[in-house]
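Structure first, then comments.
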Amino acid sequence: GKNEYDLLIIGGGSGGLACAKEAAKFGRKVAVLDYVEPSPQGTKWGLGGTCVNVGCIPKKLMHQAALLGSAIKDAQHYGWNIAQPVHHTWSVMAQAVQNYVKSLNWGHRVQLQDKKVKYFNMKGSFSDPHTIRGLTKAGKETIVTAENIVIATGGRPKYPMHIAGALEYGITSDDLFWLKESPGKTPLVYYPFILHLWEIIVYISLTGSSPDVSLECAGFLTGIGLETTVMMRSIPLRGFDQQMASLVTEHMESYGTKFLKRCFPTKVEKSESNRLQVTWKNTDLCTEVTDSFDTVMWAVGRAPDTETLNLETVGVKTNSETGKIIVDASEATSVPHIYAVGDITEGRPELTPTAIAAGKLLAQRLFGQSSELMDYDNVPTTVFTPLEYGCVGLSEEAAVQCYGSDNIEVYHAYYKPLEFTVAERDAAQCYMKMVCLRERDQRILGLHFIGPNAGEVIQGFALGIKCGATYPQLMKTIGIHPTCAEEITKLHITKGSGLDATVTGC
């Protein structure tokens, strides 16, 4: 018998929706199945996936809230008279952010309707390679058949199930952005004027992916006046350049985020006063410590959302360690006509723009006579910590590993953003470096930037690096004055020279 749809997508996040809309452009019959399983704490949301609902979008808006708090402090140096005390109201911010996210959920539904893509609010599982059984929240079953199926279910935050009380008392990023009330309750005093300050702990054990979520959340929670502690078992920002990662955490520490390094929690209990007692071990000192907090948030990596898909029935191969789906360069799984895109796929960056691009290209190959594959090299990204870190290309460690330390040259500079001068802000961690090949034309392998608006800075340079830009070409590029980004066009001191890399003059 003929299949009902040309394309069925399981998962209405960045990758799935992009693939569906692109396929619909070719006049194909397309359906999307999307279902949000409530978090262990009962949080749920609408169509659009992690990025829209519990990821990049609410994260960047809350980061912006924190930046505005810093701007208020700076403003006084610039002649603005600001009545003291200044304090932040979580519920106002949360409501505004949540309303915007809901408008995006609505927008996605409207777009699917406009493009004649059928939307099923159901949880899907495979019956056979061309058949999906959809279940509604109420338990009503629908059978959908399709010629091609794309799995784009993404991932969900992990809980450390071996820690007593972790699931019962902890939250994750799935909950934080949808809290109606502040994650803290204890008013304290906060410099340089009185703010309501709450005790919250963000725990991270950087073994999984997405360690940036932890630092980003800790950064904006500190920025809006909540006393925030980050516990980490190993290194910050695993997978990123470690010199840059250290600068990011140094800056956070200097702005009030506490770090418990080389520590891991053993249990979480609720005290009589309704606060959470966290017990942890310090691996360096071999000591055990207990302290109380209002909120415990786990940011210990993400797990692929595949449990209910019934993949083994149809023979879709996954990596036994990570649980992610194994795909080839064309996003094809081990089963013909079944594909996967986004965070669910093994060895791909967990980023919205790569999922969108991969989803679009897949639809073009399936229905538009295209043969273009997704290129996962030189993907730019930014960590939205209080001082942002943007990068594209290889970390210094990766470059050394690929080419050998004798074959790379690193140009670097510590600089001071003009805006920091009048505000008397510390710029000790404002730093950039460019990793180049030493041979002939000094091709740029990686660019790393810590400072304000890092994402905006790196995005433009990403084009150049994608096009194979070289150090001499960059030196011929005229900077825009006065900006932070122009300092990249002036990089001339190599790490190897041992010279002071601090930028002087205007």
Please assess Ile356 against Thr352 for the test side chain to side chain contact (heavy atoms under 4.5 Å, CB included), listing each intermediate value before the final yes or no.
-> CA-CA 6 Å; Ile356 292 171; Thr352 274; 3.6 Å; yes
Look at the aromatic rings of Tyr411 and Tyr471 and report parallel, tilted or perpendicular, splitting at 30° and 60°.
->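 Parallel: the ring planes of Tyr411 and Tyr471 meet at under 30°.
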Can you find a heavy atom in the side chain of [X] that is under 4.5 Å from one in the side chain of [Y]?
X	Y	value
Phe220	Leu67	no
Pro183	Leu221	yes
Cys436	Met434	yes
Leu491	Met432	yes
Pro349	Tyr376	yes
Pro482	Leu418	yes
Leu215	Phe259	yes
Thr385	Met252	yes

Please, which pairs that meet salt bridge (charged side-chain N to carboxylate O under 4.0 Å, His left out) have at least one residue in residues 80-108, sequence neighbours excluded?
->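 Every pair satisfying salt bridge (charged side-chain N to carboxylate O under 4.0 Å, His left out) with a residue in residues 80-108: there are none.
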Quick check: are there more than 12 heavy atoms from other residues, nucleotides or ligands sitting under 6.0 Å from [atom1] of [X]?
X	atom1	value
Asn81	CG	no
Lys59	NZ	yes
Leu499	CG	yes
Gln401	CD	no

Look only at the side chain of [X] and the backbone of [Y], and say whether a donor-acceptor pair between them is shorter than 3.5 Å.
X	Y	result
Arg302	Lys158	no
Thr483	Glu486	yes
Trp298	Pro157	no
Lys466	Asp377	yes
Asp175	Ile171	no
Arg348	Asp343	no
Arg262	Ser234	no
Glu487	Tyr415	no
Asn319	Gly323	no
Gln98	Phe177	yes

Per the side-chain hydrogen bond (donor to acceptor under 3.5 Å, both in side chains) rule, which among Asp174, Thr43, Asn105 passes with Asn53?
->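 Looking at Asp174, Thr43, Asn105, the match for Asn53 under the side-chain hydrogen bond (donor to acceptor under 3.5 Å, both in side chains) is Asn105.
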Can Arg425 be said to sit on top of Phe420's aromatic six-ring, NZ or CZ under 6.0 Å from centre and within 45° of the ring axis?
->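 That pair qualifies as a cation-pi contact.
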Only counting residues at least two apart or in another chain, list the ones meeting ring pair (Phe, Tyr, Trp, His ring centres under 6.0 Å) with His108.
->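 For His108 there are no ring pair (Phe, Tyr, Trp, His ring centres under 6.0 Å) partners, ignoring immediate neighbours.
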Inspect the contact between Lys258 and Glu227 and indicate whether a charged nitrogen and a carboxylate oxygen are less than 4.0 angstrom apart.
->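 Salt bridge between Glu227 and Lys258, a charged N being under 4.0 Å from a carboxylate O: yes.
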Evaluate side-chain hydrogen bond (donor to acceptor under 3.5 Å, both in side chains) for Gln95 paired with Lys180, printing each intermediate quantity in order.
-> CA-CA 7 Å; Gln95 193 60 63; Lys180 296 268 188 283; 5.5 Å; no
Residues [X] and [Y]: side-chain donor-acceptor under 3.5 angstrom:
X	Y	answer
Glu409	Gln442	no
Gln364	Lys25	no
Ser395	Gln242	no
His448	Glu396	no
Gln84	Gln76	yes

Interatomic distance, Leu47 atom CG to Gln111 atom CD [nearest 0.5 angstrom] =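 Rounded to the nearest 0.5 Å, the CG-CD separation comes to 9.5 Å.
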Residues that Thr477 engages under side chain to side chain contact (heavy atoms under 4.5 Å, CB included), provided they are two or more places apart |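 Once residues adjacent in sequence are excluded, the partners of Thr477 under the side chain to side chain contact (heavy atoms under 4.5 Å, CB included) criterion are Thr489.
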